[in-house]
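Only one structure is covered here, and it is reproduced in the block below.
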Amino acid sequence: MSLKYREFSQLNLPSVDQEILSKWQEEQAFEKSVELRDGATPFVFYEGPPSANGMPGIHHVISRTLKDLVCRYKTMQGFQVKRKGGWDTHGLPVELGVEKELGITKEDIGKKISVEAYNQKCREAVLRFKDKWDDITQKMGYWVDLNNPYITFENNYIESLWWLLKQMYKKGLLYESVSIQPYSPAAGTGLSSHELNQPGTYKDVKDTSATVMFRAAQDEKSKFLHDAVHGAEVFFMAWTTTPWTLPSNLGLTVGPNIEYALVQTFNPYTHLPINVVLAKDLISKYLKAEGENGDFDGYNGEQKLIPWKTVATFKGSQLEGLHYEQLLPYEANSIEEVKRITPDADPFRIIVGDFVTTEDGTGIVHTAPAFGADDYKVGKKFNIGIITMVDREGKFVDGLGEFSNRYVKNYKDDPEYADVNVDICVKLKKENRAFKVEKYEHSYPHCWRTDKPILYYPLDAWFIKTTALKDRMVELNKTINWKPKSTGEGRFGNWLENMVDWNLSRSRYWGTPLPVWRTEDGEEEICIGSVEELLQEAEKAKQALGGDVNASISKEKLDLHKPFVDSIVLVSASGKPMKRVADLIDVWFDSGAMPYAQWHFPFENVQTFAQNYPADFIAEGVDQTRGWFYTLHAIGSLVKESVQEELKKHGVEVNDQKYPGLAYKTVVSNGLVLDKNGNKMSKRLGNVVDPFQTIQTYGADATRWYLITNASPWDNLKFDIEGIKEVQRKFFGTLYNTYQFFVLYANVDGFTFKEEYIPVDQRPEIDRWILSSLNTLIKQVTEAMDDYEPTQAGRLIETFTDEHLSNWYVRLCRRRFWKGEYEHDKICAYQTLYECLVTVAKLMAPVSPFFSDLLYRNLNQVTQLNNETSVHHTLYPVADVAKMDAGLEERMQLAQDASSLVLSLRKKVNIKVRQPLQKVLIPVLNPAMKEQLQKVEDLIRNEVNVKEIEYLTPDNTFIKKKIKPNFQVLGKKLGGKMKAVATALGNFSQEQIAELEKEGVYNLLVDNENLPLYLTDVDIMSEDVPGWMVASNSNITVALDVTVTPELLNEGNARELVNRIQKIRKDSNFELTDRITVKISGHPELTPAITQFKSYICAEILADNLEEDPALQDGVDVEVNDHLIKVQVSKKGG
RNA sequence: AGAUCCGUAGCUCAGUUGGUUAGAGCGCUACACUGAUAAUGUAGAGGUCCCCAGUUCAAAUCUGGGCGGGUCUACCA
């Protein structure tokens, strides 16, 4: 323990980081911060697992700062906050990285490289940058337990996932179905949504689009159409940008509430008379308005203008159920084939769907269920069947006549390729089945690997029936505290409302295998929920099937990944072998299941799980809204009952109140980090900020503080290094200076807080003021932090430190620290400033853990007021209401305003502050204001160097006043007459104002109406004091006497001289306490000042002797108010 | 295309329930101050509060409609 506070030569934040980090390491500070709270109420935090196969970026620093500051804050509030780290290790990014590294594609897996070797590569790759992550975690000061992290590829973790999946399976929530997915025929593989989101995936392409005509069948249902045109043919018009899907057409979808028209006209290509149905609003897209009711008889195909007329109109719903003739009938898509594939189907029918719009096309949508998600959905609903006339290579199947085996797009880079879409259109034109064919430009997704257009293709997939739990998820979401609120209600709420079943399966290699085994005919299957069950079933199969089935399976060598699990064969109830279905599951299931799997629930740690569910707080980037935030929420809802049962089995008391299946109570979603120009950071643009470099250069604290205080975390942050520099200078620099100031004098005076704590009411006004402000600050910061608004909290601390503590309290109190004896007033000052510094250190500790700890340690190691060695082990300050005094803060504001105004007046007439002036006049509007001002009078006088303050009371006629309506009060009362009254008040004379003030009421005549005005209806301000220099703001007006009398001038000269000699002292590197003797060459203009203020001067400069010596030769040349003199300063005894 | 957030000084951001001189910091310019000195003070320049319409006595603020930017989801004829 040292009795001296540590002094610094300069502020170096990066070296502060180093020093504090090693302290933390030495003291095991993080571990201790958790242990210290043993037995305290837990605050549960979930760490969203990062994927360590890429380098951490600056955006990771912001979300981790957010997590860290909340956890630190809660710890300081007395909660125990355990923070188990985790690593997300599965999934596509890992695989793609490995493929790139090995120079292979997905197709090569199993051929050029075995699945086993491939997965081994993935396993190695996944933690490749773990060191870097650990490094940034430490350097940024993120406290998280990385010694016992959960890792998603571990068997225990996967086993928990299997258990969860089995619970869903048992409830019928896990099912297999066909879904329409993006598929790349060129690459022969389905694409994940992630792959579709690669940059450059969507390209503008020109495709052949066609508006084609489906002939209505003639039957009872369509009678009303045919009757309208006297039995002639009727066609339904539909538009497509993918003519190749037409052979797979099975339905036409109309909007139930859209108005359709039956129009009589001619086919532009064949010139034959036709009757077509399309949305009424879209007629104009196909037929010119001038042609309406045109000359039908005279039309022969030569005319540009095609005549048309509307024969009938009706709602889409009236068309439902009508049949039409197939457009392109062949063997492969014959009705018999359709019925063979989908036996109960009723195709070639008009169906209704809400997704139909009249924005483009004809309002009638060609529906090929195989090639569009909407088509598939609506097709399924109305049971029109499904046929897939394109194979997985992207070419038409056999049995489609001249189109058989032709590629629907040029997937093979064939220079001879002829666009089959064009040929289809030509054929339709010839057959009087095309109304319009044109090139159409639109953006279309392409396979990022082959650059070829993808198509939407029906593929088998496993789903979780999240829609079954939709109501629960919507309800639970309402109980979540979302920051910001709009993300929860809007983005997430809408997402829940429009939820579809979770497409769980992925046909990849490195991930959690789907634990479903089934027989070859697909009749029997089993879902495995634990390793034990798997081993039992494997053993059963070994017995039943014999041979070398499962011969090499043992618990010790088990790896729950491909290809090992795939080698396990199970046996069905009827004795047939069952193989695992090939799919893996979505990695988002991995992370969403972390509340359970991190504890290997329910196989171990059931109690631990119970204590750590749900999370009190989670935080990630807003991009996780439909990622992790969703999967956590969904899984929580899905397995609620199963988990409840499991907990009950272990004697944990649960019910729906205690365990509603809610995964997290508060979630903060932070925005993106953009570059300073607002562009997304990308390697391509080269605008990526390296967090290591940033932290190393500016320190973790400045970086963290900047990230948190610059903008609310959920707003996008335009990251600008200049901002960090500003934070460093302005906030940390100021705080450091304040600390330096404190220790400079505390070390001289030996202040160690050994004296009794002086009751606040025995301290001077300014001490009580800063302590009041400090406690107000504590209150506000605590409120902001409790509300998860760290930006507000940080800004408040900043304002306090800079404006109140440094630029007012310290500035005004400087003399108290260096002047006088070590007595009551001085001790008050030290105790007050010390309290402020320690409290600020604690308040800021969650956001900037390094500097705050340094500050705290340096202060506390001398005073030993706290037992805790680290600020992070202390308790967060609690506002002391007794120390808060609103009136005091208000009058200090008045003092600041008044001082600032006087200083601005001095500036105007160019009289420096060192020159004393005689008097300031302050008009006061009421006794209360006068009383307030009188209490801070000394402060103002000192600050602006004025001898006296005189108050002008309202009743004097000296001041000129201004009157203004109090709009808020008067507006409500007057309404429409407000304007007239405002004008009238603007023209008020001084006498009228005086009358109102005197009588308390004034009868104003507006539009021949008497309106009584009361004092509360108006604001009266002093505007001017004739003959004086005046300045005013909205609160206060000051008038300054700028006459410099000879006495004042002498005093000013004396002060100037003091200032010069102080500078010499400093330049000569004298100690603050050194006594000196001074000789001055003298000057007639200055002699009176020296004589008159000798004792004052001597006291100020610690001189024992001061004399004028006109003959002085050696000395420093100085200038005092334009007079040149020589000054010789010598240290006594030196 | 839908959802959502955002648009205030050159830059980064405040702006409470609508209330009349729209603020701060940075930057720039000038002048001061200096026993905290990589600090500080004062002043100046700098605004169509994105646009239009509406509600209101009164709109940066509320409503509607645009425009621009970000993000997410989707891409369906």
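Order of the sequence lines sets the chain letters (A, B, ...), proteins ahead of strands, with each chain counted from 1. Please read these numbers as outputs of a predicted model, since none were measured by experiment. These numbers come from the heavy atoms of this one structure, side chains and all, not from hydrogens, waters or symmetry mates.
- Rounded to the nearest Å, the gap between the P atom of B:A24 and that of B:C62 is 23 Å.
- Nearer the 5' end of RNA chain B, as judged by each residue's closest nucleotide, is the contact made by A:Gln792, out of A:Val810 and A:Gln792.
- Pairing for B:A43 goes to B:U29, judged as Watson-Crick or G-U wobble with the two contacts each under 3.5 Å.
- Across the protein-nucleic acid pair, A:Glu7 atom CD and B:G35 atom P stand 18 Å apart, rounded to whole Å.
- When rounded to the nearest whole Å, the span between CZ of A:Phe629 and C1' of B:U71 equals 14 Å.
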Just do the salt bridge (charged side-chain N to carboxylate O under 4.0 Å, His left out) check on A:Arg811 and A:Glu943 with the steps written out, would you?
CA-CA 9 Å; A:Arg811 197 154 58 84; A:Glu943 179 66 6; 2.5 Å; yes
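- Using a 4.0 Å heavy-atom distance criterion, A:Asn1059 is classed as a sugar-phosphate-only contact.
- Rounded to a whole angstrom, the distance from the P atom of B:A9 to that of B:G46 is 14 Å.
- Base-pair partner of B:C72: B:G2 (Watson-Crick or G-U wobble, both distances under 3.5 Å).
- Here the OH-OG1 distance, from A:Tyr260 to A:Thr362, works out to 7.5 Å after rounding to the nearest 0.5 Å.
- Atom-to-atom, CG of A:Asp720 to C1' of B:G25 comes out at 14 Å; the value is rounded to the nearest Å.
- B:G70 sits 30 Å from B:G27 when the P atoms are compared, rounded to a whole Å.
- Scored by the side chain to side chain donor-acceptor pair (under 3.5 Å) test, A:Thr242 finds A:Thr240, A:Thr245 as partners (sequence neighbours excluded).
- Partner assigned to B:U48 is none, using Watson-Crick or G-U wobble distances below 3.5 angstrom.
- Only one option out of A:Phe8, A:Tyr809, A:Phe817 pairs with A:Phe741 in a ring-ring contact (aromatic ring centres under 6.0 Å, His included); it is A:Phe817.
- Taking only side-chain atoms of A:Phe741, from C-beta outward, the nucleotide of B:G19, B:A36, B:G25 with the closest atom is B:A36.
- A close approach under 4.0 Å does occur between a side-chain nitrogen or oxygen of A:Asn807 and OP1 or OP2 of B:G41.
- Note on A:Arg814: a base of the nucleic acid sits closer than 4.0 angstrom, heavy atoms only.
- Nearest to the side-chain atoms of A:Lys964 among the listed nucleotides B:G27, B:A36, B:U21 stands B:U21.
- Distance, A:Lys826 NZ to B:G35 C1': 12 Å, rounded to whole Å.
- A:Asn710 comes within 4.0 angstrom of the backbone, heavy atoms only, and of no base.
- B:U40 atom P lies 16 Å from atom CH2 of A:Trp808, rounded to whole Å.
- Checked against B:G35, B:A14, B:C75, the side chain of A:Tyr456 finds its nearest nucleotide in B:C75.
- Side-chain contact annotation: A:Thr367 with A:Thr253, donor-acceptor N/O pair under 3.5 Å present.
- Rounded to whole Å, the distance from CG on A:Leu735 to C1' on B:A36 is 13 Å.
- Among the heavy atoms of the strands, none lies under 4.0 Å from A:Lys1063.
- Between A:Tyr376 and A:Tyr456, the gap from one ring centroid to the other reaches at least 6.0 Å.
- In the interface, the side chain of A:Ser806 is paired with the base of B:A36 through a donor and an acceptor atom under 3.5 Å apart.
- Nearest-nucleotide positions on RNA chain B for A:Arg811 and A:Asp375 put A:Arg811 closer to the 5' end.
- Candidate nucleotides B:U20, B:G35, B:U17 were compared by shortest atom distance to the side chain of A:Tyr745, and B:G35 ranks first.
- Looking at heavy-atom distances under 4.0 Å, A:Gln740 makes no contact with the nucleic acid at all.
- Residue A:Gly971 is classed as a base contact, given a heavy-atom separation below 4.0 Å to a base.
- In this structure, B:G54 forms a base pair with B:C62, meeting either the Watson-Crick or the G-U wobble geometry with both donor-acceptor distances under 3.5 Å.
- Between A:Asn747 atom CG and B:A36 atom C1' the separation is 15 Å, expressed in whole Å.
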